[in-house]
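Hydrogens, waters and symmetry mates are skipped; everything else that's a heavy atom, side chains included, is used. In what follows, chains carry the letters A, B, and so on, assigned in the order in which the sequence lines appear, proteins first and then strands, with residues in each chain numbered from 1.
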Amino acid sequence: MVKVRFAPSPTGFLHLGSARTALFNWLHARHTGGQFLLRIEDTDKVRSDKKFLDEILEDLKWLGMDWDEEPIYQSQRFDTYREKAEEVLSKEKAYREGDAIIFKVEKGRNIEFEDIIHGNITTNTDTIKDQVMIKSDGSPTYNFSCVLDDISLEITHVLRGDDHISNTPKQILFYEALGYTPPKFGHMPLILGPDGAKLSKRHGGVSVEEYKREGFLPEALANYLILLGWFPGEDQEILSLEEAVKLFDINDMSDVQAKFDIQKLRWLNGEYIMKEKNEDLLPLLKKQLSATKIDTSKFADEYLTKLIDLYKIRMKTLSEFAGLTECFFQDDFKMDEEGKKKYLDKEENVENIRIFANRLEGLEDFSHEKIEKICRDIAEERSLKAAEIIHPTRLAISGKTKGAGLFEMMELLGKEKVLERMRGIQT
RNA sequence: GCCCCUGUCGUCUAGCCUGGUCUAGGACAUCGCCCUUUCAAGGCGGCAACACGGGUUCAAAUCCCGUCGGGGGCGCCA
């Protein structure tokens, strides 16, 4: 049975690259009916923090992953690591220096392994220094604890980032010394920033948490991440994790580094938002709204849901919603200055708004159909294009030159607000 | 410096293994047109790539070699 693991180090938030690594491991496990395990690499006591661990686990779940069995913690296995190191020492394959135990690397050998993604990789041991197994403070080094844990967890496939390629021959040496057959290795290319350098903070968001906060849907983020380095086939790019599980084959993974393209992620996110049900969007959008100064407490879910209907095709991230819909929640919305110059500084436009408002006054059924009828009637009577009334009116009631269809906006806003704002413009 | 990985449109990629079907396909971005009440969404279309140089071959994006470019590693960090 296939057994893979994801081994986060709780010294920071979950990086996009790590999330992608986790995703591919998870996909491989689920596709093959194997197990996906979690191992917490918390040997660095100084930098490890429970807060980071909780966040990482939450983000993995948020992205749609689940894991088999309880996570194991390296910090609880120090005795085992020391024991095994002593064993290697007793076979005279290592030596002590200071309080550390150091593995002797035999020179002049070629270490070869068949990488699932890259093919054959060979390293000469002349390029490998003797390797510390146990540090002077008694804690194990990464390469040593990693091998020991992968052995005890019976990991069959180690799928990790490209940056571990040079660790692999060192680890293979440990497997040999311990008397075990190494698992299969697959090294996936790293995600690069738009400028080609390793994706880092200066490129903007690098942690899953930041994208969550920005209003990316987990389905969209996961979808985008797995598209970076794997092609589902038949030009199908939008796919659920469930579909990906069916189609995924680790052998189809690309061996080329890929640049992170926020534009494509935004497009994908927009696609997911459009397709998402209003009722599912509602709590998420409420949360986004509550992060702003806008007070939405007095608005009913029904009102918000209609608003979502109007704007879900116009946002790429959930965080854009507040800026788009400001005028639906408060009267002191921002006024687009250029639009004002273009539409409201003209006497005839203001006059048209006044006439429109007066005609609306007597309208009992304030529906977008009826409002539109009136608008178009006025346009015809006065030999105008409807647009000549529509644009100034939109600006008057929303402060914006863009947005949803004017008549739907007016219906939702309600007669009272609409008239108040249309008349307010004349003063 | 040494070692390793890698190089198809601006970006993600299909094709490469099993040379001819590739005047290189798709998606994002971009540009134009249509729709239209603006912005989106949607529809249609355009621009745009086999890093370079040598081989091998009747034939190379596909195979081989070299150059150049990009990335990673060389910690008692993980």
Side-chain angles (χ1 to χ4, degrees), chain A residues 7-12 18 41-44 46-48 74 97-102 115 117-119 121-124 126-129 131-146 160-170 187-198 224 227-238 254-268 270-271 274 310-316 324 336 339 343 372 375-376 379 385-395 398 400-409:
Chain A
S9 179
T11 52
S18 305
E41 309 213 324
D42 54 352
T43 55
D44 187 334
V46 181
R47 296 197 299 143
S48 294
Q74 291 194 321
E97 190 175 289
D99 292 319
I101 303 178
I102 303 174
D115 191 282
I117 294 164
H118 294 282
I121 294 178
T122 308
T123 310
N124 191 286
D126 289 349
T127 65
I128 303 175
K129 289 193 238 171
Q131 296 292 306
V132 173
M133 295 187 288
I134 302 294
K135 305 178 213 169
S136 306
D137 68 358
S139 66
T141 55
Y142 165 74
N143 279 321
F144 191 59
S145 57
C146 176
R160 62 204 344 180
D162 245 354
D163 50 341
H164 285 285
I165 289 184
S166 55
N167 280 326
T168 306
K170 298 171 187 172
H187 292 93
M188 34 201 149
L190 266 19
I191 303 180
L192 269 30
D195 59 353
K198 195 173 181 178
Y224 178 68
L227 239 33
L228 236 41
W230 177 63
F231 183 66
E234 293 180 22
D235 293 333
Q236 184 192 9
E237 299 207 301
I238 299 182
S254 162
D255 57 3
V256 188
Q257 52 212 356
K259 293 189 182 108
F260 184 79
D261 181 10
I262 187 71
Q263 291 303 336
K264 188 148 186 177
L265 206 212
R266 285 174 56 78
W267 165 75
L268 253 180
E271 292 291 311
M274 273 189 263
L310 254 34
Y311 284 91
K312 70 200 286 193
I313 61 166
R314 287 168 231 269
M315 52 180 156
K316 298 290 185 216
L324 253 24
D336 182 312
Y343 296 119
E372 177 162 8
C375 177
R376 294 199 186 278
K385 278 192 275 184
E388 290 177 82
I389 303 175
I390 288 169
H391 297 315
T393 305
R394 174 181 289 105
L395 199 68
S398 73
K400 291 183 191 302
T401 58
K402 18 173 140 169
L406 175 68
F407 310 117
E408 282 85 358
M409 288 173 78

Give none if [N] has no partner; otherwise give the nucleotide forming a Watson-Crick or G-U wobble pair with it, both distances under 3.5 Å.
N	answer
B:G1	B:C74
B:U30	B:G46
B:C68	B:G7

Once you apply a heavy-atom cut-off of 4.0 Å, does [X] come out as touching a base, just sugar-phosphate, or nothing?
X	answer
A:T43	sugar-phosphate
A:G196	sugar-phosphate
A:D126	nothing
A:E237	base
A:L227	sugar-phosphate
A:A386	nothing
A:S9	sugar-phosphate
A:A7	nothing
A:F407	base
A:R160	nothing

Give the rounded distance in Å between these two atoms: [atom1] of [X] and [atom2] of [N].
X	N	atom1	atom2	answer
A:L310	B:C39	CG	C1'	12 Å
A:L395	B:U37	CG	P	19 Å
A:W267	B:A29	CH2	P	8 Å
A:I134	B:C76	CD1	P	13 Å
A:D163	B:C5	CG	C1'	11 Å
A:Q257	B:U8	CD	C1'	14 Å
A:L406	B:A40	CG	C1'	16 Å
A:E271	B:G42	CD	C1'	11 Å

Using only side-chain N and O atoms of [X], determine if any of them is under 4.0 Å from OP1 or OP2 of [N].
X	N	value
A:K170	B:C3	no
A:H164	B:G73	no
A:K259	B:U6	no
A:K316	B:A40	no
A:R314	B:U38	no

Charged N-O contact under 4.0 Å between A:E237 and A:K264: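 So A:E237 pairs with A:K264 through a salt bridge.
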Side-chain contact test, heavy atoms from C-beta onward, threshold under 4.5 Å: evaluate it for A:T141 versus A:K135 and give yes or no.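 A:T141 reaches A:K135 side chain to side chain.
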Would A:L324 and A:M315 count as a side-chain contact (heavy atoms from CB on, under 4.5 Å) if you check the C-alpha gap in whole Å, the side-chain angles of each, and the deciding distance to 0.1 Å? CA-CA 8 Å; A:L324 253 24; A:M315 52 180 156; 4.0 Å; yes
To the side chain of A:T127, which of B:G42, B:U37, B:C3 is closest?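 The nucleotide sitting nearest to the side chain is B:C3.
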Where A:Q74 and A:D42 come nearest, the two heavy atoms and their spacing: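 Scanning both residues completely, I find the closest heavy atoms to be N-OD1, 3.2 Å.
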Could you tell me whether the side chain of A:K402 has a donor or acceptor atom within less than 3.5 Å of a complementary atom in the base of B:A40?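 Per atom types, no contact qualifies.
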If you take atom types as modelled and just measure distance, does the side chain of A:S136 reach the base of B:C76 with a donor-acceptor pair under 3.5 Å?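 Such a pair is found, so the answer is yes.
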Trace of the side-chain contact (heavy atoms from CB on, under 4.5 Å) decision for A:N143 with A:K170: CA-CA 7 Å; A:N143 279 321; A:K170 298 171 187 172; 3.9 Å; yes
